[in-house]
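Heads up: the structure comes next, in structure tokens.
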Amino acid sequence: MSSFFELSLKGLQTGLRDSSFTSRELVTDALERIAKFEPHLHAFLYIESEPALRQADEADKRLASGDKQEFPLLGIPIAIKDVLTVEHMPATAGSKILEGFIPPYTATAVKRLQTAGAIVIGKTNTDEFAMGSSTENSAYGLTHNPWDKSRVPGGSSGGSAAAVAARLVPAALGTDTGGSVRQPASYCGVTGLKPTYGRVSRYGLIAFGSSLDCVGVFGRSAEDVAIIFEIMAGPDPSDATSSDTAVRTTKFEKQDLNGIRIGVPKEYFIEGMQAEVQEKIRAAISQLESLGAKIQDVSLAHTEYALPVYYILAPAEASANLARFDGMRYGPRVNANSLFEVFSKTRGEKFGSEVKRRIMLGTYALSAGYYDAYYGQAQKVRTLIKQDFETAFKEVDLIACPSTPRTAFEIGAHAGDPISMYLEDVFTLPASLAGVPGISFPAGFDELGLPIGMQLLAPEFREDLLLQTTHIYQQATEWHKQTPPTFDAEKI
Ligand code: GLN
């Protein structure tokens, strides 16, 4: 075995429990791989070594003492997207406006993983304030795709997706506002879950679009993702939008898809999408059918409006959320002669251009005289999009479609053309607006060897159905077991 991370998260749990290896060995292996691959990948914005090793030693003591049942993640290293706070670790959200900011508390999602014994080994790269689809908008440099270094890993949670794909950590947290877990999972050939809105607490998540933001997970399989997801899901008194609905645990007992109805929306097979993506997703749908699912056509009629609606609502919410970054409360301050000048200089110098674009779009959409025409109208269409899903889920249990129209694009391909970048999200935005859960997992490769992602969507709070169905598919296929060639061999 070249690395412990050839094992699944479940395999790591078992290995630690039966003393096949120690947490110190595991964390040391992760740190060594990070040291070796990071210069080529740049998945991390912050890496913690000494404290992580100390925690590993504590975990090893606990493992030896037998008091381990309550700590399912005891001694396992994970990585966290740098928009979630971890006490004592810098939190930048990929922005210069938060450079040097150390948050005084830990996000609930992260805290629950730590309470279960996980060791946070570092914070991963992200587009600034999670605005982007490639990590090229990070103020601290972009992340490379482990399958092809000349390509982006997707975004905004590109650092977490790349870290899992390159086997630097067995699992990582991301966030998904309009696709930022599912799209990078697709580009990097890993499994990524965006839970139902409100399923995982947003406390400690640096807000982008508060009615859309979801904390999600990257792992190498549905089984691994389920382990992390189920620990962090559930109500939290610190987030009023977190739901009290009971968390359904996934049993992974079913072997086939008998009795499962899967809808295929024609609106997700559009002109201009990469032919191989279309082909491989159709093949994956046939595979689901041969596993017992009943496949039928469904219509999500308002799909084409999701993109314009999202790009009004998300910037509108962002413009309000980002008002707090003024040089007074967090991060660096650019000094000037008046308070107004301090605000405008700090924001002018420290925000990147995509963030400024969103603030301007959002402020405009919310301004007097335009509110009804833009924000109000977009809210109404959002309801129609949500209703499309409600109608479809009366007929089917799940929806299957591609995660993205194309595989990972070249670094710089969308430079200077924000609209063409926004189009990367056409297949992920509708579920975000509807608040329903989605998962992306590898379903093949294109002729360049780049992963193709399949997306499954489910009704609210049916993450169990997504995870179970993905697991059954993953038992029958080998796509999720492929490793990026450059990171497998000792080429670099
Ligand atoms: N790419 C989309 C955007 O730039 C979605 C980002 C996200 O989900 N955080 O807004």
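Note that ligands are numbered from 1 as they come in the structure, with each ligand's atoms numbered from 1 the same way. Being a predicted model, the structure only gives us computed values, none of them experimental.
Proximity of a side-chain donor or acceptor of D213 to a complementary backbone N or O of T175 within less than 3.5 Å is not detected.
For the pair R282 and F269, the cation-pi test (distance below 6.0 Å, angle within 45°) is passed.
The residue among G174, S180, G155 with a heavy atom at the shortest distance from atom 6 (C) of ligand 1 is S180. Distances from atom 8 (O) of ligand 1 to the heavy atoms of P418, S432, G178 put G178 nearest.
Between F325 and F129, the ring planes lie tilted relative to each other; the angle falls in the 30° to 60° range.
Atom numbering of ligand 1 starts at 1 in the shown order; those under 4.0 Å from a heavy atom of T177 are 7 (C), 8 (O), 9 (N). Heavy-atom contacts of S156 reach the following atoms of ligand 1: 9 (N) (cutoff under 4.0 Å). The G132 neighbourhood of ligand 1 comprises atoms 1 (N), 2 (C), 3 (C), 4 (O), 6 (C), with distances under 4.0 Å to a heavy atom of that residue. Close contacts of ligand 1 with M131, meaning ligand atoms under 4.0 Å from a residue heavy atom, involve 4 (O). Heavy-atom contacts of S133 reach the following atoms of ligand 1: 1 (N) (cutoff under 4.0 Å).
Using a 4.0 Å cutoff on heavy atoms, Y422 does not count as a contact of ligand 1. The shortest heavy-atom distance from A314 to ligand 1 is not under 4.0 Å. R358 counts as a contact of ligand 1, since one of its heavy atoms falls under 4.0 Å from the ligand.
At a heavy-atom cutoff of 4.0 Å, ligand 1 is contacted by the side chain of Y311 but not by its backbone. Proximity of F208 to ligand 1, defined as any heavy-atom pair under 4.0 Å, is confined to the side chain (atoms from C-beta onward).
Between S157 and Q183, the side chains place no donor N or O within less than 3.5 Å of an acceptor N or O (distance only, hydrogens not considered).
Looking at heavy atoms from C-beta onward, I399 lies in side-chain contact with L300 at the 4.5 angstrom threshold.
Taking the six-membered ring wherever Trp is involved, the centroid distance between the rings of Y374 and Y311 does not fall below 6.0 Å. For Y473 and W479, the gap between ring centers reaches or exceeds 6.0 Å.
For Y305, the OH atom counts as loosely surrounded, since its 6.0 Å shell holds 12 or fewer non-hydrogen atoms of other residues, nucleotides or ligands. In Y105, the OH atom is crowded: over 12 heavy atoms of neighbouring residues, nucleotides or ligands sit closer than 6.0 Å.
Ion pair D464/R462 flagged as a salt bridge, since at least one NZ, NE, NH1 or NH2 atom sits closer than 4.0 Å to an Asp/Glu carboxylate oxygen.
The shortest contact between atom 10 (O) of ligand 1 and any protein heavy atom is with Y310 OH, 2.7 Å. Considering only non-hydrogen protein atoms, atom 2 (C) of ligand 1 sits nearest to D425 OD2, 3.1 Å.
Residue T175 has no N or O atom closer than 3.5 Å to an N or O atom of ligand 1. Residue contacts with ligand 1: A130 is placed with a nitrogen or oxygen under 3.5 Å of a nitrogen or oxygen of the ligand (distance criterion only). For ligand 1, the polar-atom distance check finds no N/O of K81 at less than 3.5 Å from any of the ligand's N/O atoms.
For residues 215-229, the side-chain hydrogen bond (donor to acceptor under 3.5 Å, both in side chains) pairs, not counting sequence neighbours, are K10-E223.
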